[in-house]
4 protein chains.
Amino acid sequence: MKSRIYELVEKGSHGRRLNQMFDNFIMSLIVMSLVSIILESIPDVHSKYSEILYGFNILSIGIFTIEYFMRIYVSDVTHPSETRLKSASKFIFSTYGLIDLLAILPFFLPMLIKIDLRFLRALRLTRFLRILKLNRYNDSLNLIWAVIKEKKSELAVTGFLTFLILMIASFLMYHIEGDKQPEAFSNILESFWWAVATLTTVGYGDIYPITGLGKFISGLIAILGIGIVALPTGIVGAGFMAKVEQVKQKKEDRKCPHCGCDLLTRQHEIHSN
Amino acid sequence: MKSRIYELVEKGSHGRRLNQMFDNFIMSLIVMSLVSIILESIPDVHSKYSEILYGFNILSIGIFTIEYFMRIYVSDVTHPSETRLKSASKFIFSTYGLIDLLAILPFFLPMLIKIDLRFLRALRLTRFLRILKLNRYNDSLNLIWAVIKEKKSELAVTGFLTFLILMIASFLMYHIEGDKQPEAFSNILESFWWAVATLTTVGYGDIYPITGLGKFISGLIAILGIGIVALPTGIVGAGFMAKVEQVKQKKEDRKCPHCGCDLLTRQHEIHSN
Amino acid sequence: MKSRIYELVEKGSHGRRLNQMFDNFIMSLIVMSLVSIILESIPDVHSKYSEILYGFNILSIGIFTIEYFMRIYVSDVTHPSETRLKSASKFIFSTYGLIDLLAILPFFLPMLIKIDLRFLRALRLTRFLRILKLNRYNDSLNLIWAVIKEKKSELAVTGFLTFLILMIASFLMYHIEGDKQPEAFSNILESFWWAVATLTTVGYGDIYPITGLGKFISGLIAILGIGIVALPTGIVGAGFMAKVEQVKQKKEDRKCPHCGCDLLTRQHEIHSN
Amino acid sequence: MKSRIYELVEKGSHGRRLNQMFDNFIMSLIVMSLVSIILESIPDVHSKYSEILYGFNILSIGIFTIEYFMRIYVSDVTHPSETRLKSASKFIFSTYGLIDLLAILPFFLPMLIKIDLRFLRALRLTRFLRILKLNRYNDSLNLIWAVIKEKKSELAVTGFLTFLILMIASFLMYHIEGDKQPEAFSNILESFWWAVATLTTVGYGDIYPITGLGKFISGLIAILGIGIVALPTGIVGAGFMAKVEQVKQKKEDRKCPHCGCDLLTRQHEIHSN
């Protein structure tokens with residue numbers, strides 16, 4: 001019984017096909033529940049189909065809850081530990097365990113304590129994070145994450161420099177444009193809003209300089225924006241390159257110097273015997 | 001006769017010059033028929049020159065149809081197979097065969113079945129895809145395609161992360177700005193529209209936050225936009241680098257270790273004899 | 001006494017913990033004084049809490065002044081030189097010494113000479129630069145700086161090409177759009193403002209072409225903007241890659257060819273004895 | 001006499017200092033004449049200082065003309081050839097010779113033939129191109145140019161794909177938004193203008209979709225814009241990396257395998273004697 005559930009919810013070698021179907025089912029449910037969140041926000045749809053949407057919500061929460069308890073049940077297989085309780089708590093406090101919990105909590109929480117409904121609705125978005133759990137893109141996600149982590153101090157410095165430029169620009173602009181446009185550049189926070197919109201080149205057009213000096217500084221900030229894009233892109237690009245090189249090097253290091261085939265594969269083991 | 005047509009429509013070793021002229025002629029026709037599509041959309045031009053435009057349309061369709069049947073005729077040379085029928089169907093269902101068909105279909109389809117005229121006009125755009133068929137940029141197109149394909153899972157993860165950020169941002173913004181701007185942020189779909197326009201830094205200015213918290217989140221999204229640009233650029237850049245390295249490696253591997261010249265060229269063959 | 005102060009304000013081997021606490025305290029003070037500058041600019045907050053803000057300003061300036069003199073006091077340890085005076089002046093005219101001075105000057109300057117208040121407020125922003133002094137991100141900042149410095153002539157050429165495109169575009173646009181929109185494109189400077197907003201893809205929407213030719217040139221400029229982003233990004237990315245390679249090469253050069261461990265570490269010294 | 005002029009206008013080994021002063025003088029004149037072009041476009045300044053501006057214009061043209069003839073005079077040194085005439089024509093039809101000519105032509109042309117004044121003014125901008133002639137940034141400019149040239153077919157394909165996306169998007173949008181906004185999306189050309197503004201993420205806000213489907217396509221185009229930026233950036237970045245590698249390889253190839261020093265420098269020559 002337990003091994004069956006294990007094969008169902010976790011990727012097993014024999015139950016792979018069953019697990020894949022289960023994964024696809026959960027993924028469809030996640031996508032459908034996201035669609036239902038969007039539909040709920042449209043007044044016309046909400047008033048017309050509120051019952052169907054509510055029913056689907058109950059259903060999906062129910063399935064997610066059952067799945068959550070199934071995962072706790074097989075936690076001694078997925079998170080082997082001394083006691084059952086330790087295994088369960090290991091799963092519960094793992095990243096994906098918490099994501100699973102957050103996905104069902106919004107429904108059960110209001111039964112226990114009074115809570116802001118908006119916050120609860122936001123929690124429902126966590127369901128979406130569960131897609132990350134699917135094994136399909138794990139390697140790529142880990143690669144991207146590894147690159148960002150390796151370059152985190154360079155990226156932090158870039159972030160800091162960006163913030164510095166934003167601060168100086170918004171400070172200057174507040175003093176330059178503040179007199180002419182007291183409503184748009186009413187304080188440094190508003191000026192900061194302009195600075196972010198300009199440096200990131202969004203430029204909504206709700207706030208822009210009208211004085212000559214203001215336009216000059218605005219132009220400088222916008223051009224600096226190109227440089228600000230260039231820095232992280234260059235850093236991240238170099239990081240990806242280095243990772244690709246590393247993987248290639250590792251593959252070469254694993255090659256048997258005599259026969260040239262991979263030292264870790266079965267074929268070589270037979271070969272060397 | 002058949003070999004002549006083959007030399008004309010496909011790049012042959014002897015008929016290269018003839019084929020190049022034919023290619024240029026077809027390309028001019030494609031560009032001209034695109035111009036005619038644009039001109040047709042301008043009311044003044046359409047009412048004045050509708051007959052000329054219609055005439056040109058018939059003419060170009062005619063030429064494309066003849067070309068299509070010529071290609072079917074020589075399909076046993078370009079797609080050698082057991083029977084003539086197999087060769088023909090091999091060509092018809094090849095990528096370029098389908099493109100060729102789509103380019104002439106919009107004209108013949110309404111004779112057979114009733115169909116939306118707009119859809120037909122859209123089909124006419126497929127003619128443009130035929131430019132891709134020209135041999136000139138094949139290598140570069142293949143290179144770009146190979147890089148994108150090799151990095152497709154990393155790019156998919158980036159795409160997924162982008163979608164996640166968009167969803168969370170539009171969800172939050174709907175609850176934050178919805179009260180103050182019920183018309184702009186009327187539902188999550190509208191909020192999503194704002195999120196896309198902000199993250200991609202387009203920023204039309206038709207919808208933007210006015211509350212403090214909304215501006216803060218909007219700023220965060222815009223800055224994340226820089227990171228979102230950095231990720232695919234870094235990935236693609238690393239991919240191009242790796243491809244360049246690969247090509248260089250291949251060239252080196254093909255070098256004769258004794259005389260240093262290319263093992264695959266004729267000169268070496270003579271040399272080693 | 002002096003060694004204690006040295007341990008406090010500069011990173012010492014024994015007083016590391018004390019120094020870290022001091023660093024964190026100064027950093028909090030910097031962040032808080034930035035917040036106070038922002039709060040001062042909001043009329044409601046300014047009129048209500050002006051006394052508290054003023055008090056905090058005096059307090060922070062006081063602490064920064066004491067710190068500055070403490071650093072001068074221990075300058076013979078941090079900047080060892082022949083005489084005390086030389087050490088002190090070495091510190092005072094070092095980059096960080098000047099930043100420290102600029103952070104307190106705005107308060108004391110008006111006591112000596114009459115000066116524009118706005119300029120003084122701008123000087124207060126220099127406090128923010130002090131965060132750069134914290135040891136944490138030094139390596140990354142140096143790396144970024146080294147890359148920009150190494151590629152400075154390529155980046156300068158890119159900058160020059162950008163300026164050239166901006167000049168030509170604004171000149172053309174003034175003559176093309178000037179007649180139709182005499183207020184928006186009133187002179188080449190205004191036209192230059194449009195060119196910068198277009199090339200950097202900010203696009204506020206306060207000024208844009210309405211004639212066909214103007215739209216055509218505007219589109220060209222916008223597409224060139226993509227290329228302008230590609231150039232510095234590519235240059236900087238290549239620079240980061242080369243730096244990463246250099247560091248790797250250096251590490252390999254330092255490896256002992258016999259035992260494989262780092263030649264500069266203690267372990268190898270013992271080992272080779 | 002001729003060698004003196006040669007030392008003045010071209011970079012000579014002995015007259016380097018003199019030539020540098022001359023270069024700086026010409027550069028200042030170019031910058032000043034650009035400023036005068038900008039000033040002329042401002043009505044207030046033009047009406048007040050028209051005489052000074054005209055005088056300066058005459059003066060600068062005069063100096064550029066003298067310089068041009070000086071360069072023709074020494075052309076047999078800079079462009080050595082069989083006859084004097086051939087040398088002169090070699091200079092006149094060289095890139096920089098044509099730039100020099102274009103810089104003075106706008107003044108003399110109206111004396112010979114009737115010509116549009118605007119076109120003449122545009123020609124005056126060519127003076128700016130002369131800055132490229134200065135030796136300072138030659139290496140970097142050549143490097144950038146070499147990278148773009150090497151990757152020109154990949155960049156051309158990127159450009160073609162961009163154009164394809166723009167065409168398809170503007171065609172679709174014309175049919176989708178045309179009914180609801182007949183003034184904004186009046187024909188495919190207007191729709192193309194929207195597509196360029198969206199893909200390049202300029203987003204002026206003068207034209208944007210209002211229908212649901214239109215917003216969806218607009219969002220797709222904007223997100224594709226990120227990819228469009230990623231492609232050329234990645235291509236150019238890989239190109240710069242390859243160039244850096246090439247230069248490093250060349251340096252290594254030039255190293256003497258015995259003493260390790262550069263084979264082309266004087267020191268090695270002495271050393272090997």
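Because the structure is predicted, anything quoted here is derived from the model rather than measured.
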Task: Part of Val196(D) lying under 4.5 Å from any heavy atom of chain C - done: side chain

Open item on the list: For Ile144(D), which atoms come within 4.5 Å of any heavy atom of chain C: side chain, backbone, both, or neither?
Closed with: side chain

- [ ] Could you check which of Ile235(C), Val202(C), Val236(C), Leu231(C) has the highest count of heavy-atom pairs closer than 4.5 Å to chain D?
- [x] Ile235(C)

TODO: Specify the closest pair of heavy atoms between Pro232(D) and Ala230(C), including all atoms of both residues, with the distance to one decimal.
DONE: C-CB, 4.1 Å

Task: Atom pair CG/OG1 of Leu224(C) and Thr200(D) - distance to nearest 0.5 Å - done: 11.0 Å

Open item on the list: Could you measure the distance from the CD atom of Glu154(C) to the CZ atom of Phe240(D)? Nearest 0.5 Å is fine.
Closed with: 6.5 Å

- [ ] Nearest 0.5 Å please: distance from the NZ atom of Lys215(C) over to the CH2 atom of Trp194(D).
- [x] 14.0 Å

TODO: Verify whether one side chain among Trp193(D) and Tyr208(C) offers a donor that lies under 3.5 Å from an acceptor in the other.
DONE: no

- [ ] Please determine, among Ile226(C), Thr158(C), Leu199(C), the option with the most heavy-atom pairs under 4.5 Å with chain D.
- [x] Ile226(C)

Open item on the list: I need the Tyr204(D) OH to Thr198(C) OG1 distance, nearest 0.5 Å.
Closed with: 2.5 Å

Open item on the list: Given 3.5 Å as the limit, does a donor-acceptor pair link the side chain of Ser41(D) with the main chain of Ile188(C), or not?
Closed with: yes

- [ ] Counting only heavy atoms closer than 4.5 Å, note whether Ile42(D) contacts chain C via side chain, backbone, both or neither.
- [x] both

Task: Leading residue by heavy atom contact count with chain D [cutoff under 4.5 Å; candidates Pro209(C), Gly227(C), Gly225(C)] - done: Pro209(C)

- [ ] Could you give me the CA-CA distance, side-chain angles and deciding distance for Met167(C) and Ile38(D), then say whether side chain to side chain contact (heavy atoms under 4.5 Å, CB included) is met?
- [x] CA-CA 10 Å; Met167(C) 270 307 296; Ile38(D) 293 171; 4.2 Å; yes

TODO: Measure the spacing between CZ of Phe192(D) and CZ of Phe216(C) and express it to the nearest 0.5 Å.
DONE: 9.0 Å

Task: Which of Ser170(C), Ser191(C), Ser186(C), Ser218(C) touches chain D most, by non-hydrogen pairs under 4.5 Å - done: Ser218(C)

- [ ] Identify which part of Val229(D) has an atom lying under 4.5 Å from any heavy atom of chain C, answering side chain, backbone, both or neither.
- [x] both

- [ ] Quick one: which of Gly178(C), Ala197(C), Gly212(C), Ala222(C) has the most heavy-atom pairs under 4.5 Å with chain D, could you say?
- [x] Ala222(C)

TODO: Report the distance from atom CZ of Phe171(C) to atom CG of Leu34(D), rounding to the nearest 0.5 Å.
DONE: 9.5 Å

Open item on the list: Which heavy atom of Ser153(C) sits nearest to which heavy atom of Ser140(D), and what is that distance?
Closed with: OG-OG, 2.7 Å

TODO: Answer with side chain, backbone, both or neither: which region of Ile228(D) has an atom nearer than 4.5 Å to a non-hydrogen atom of chain C?
DONE: both

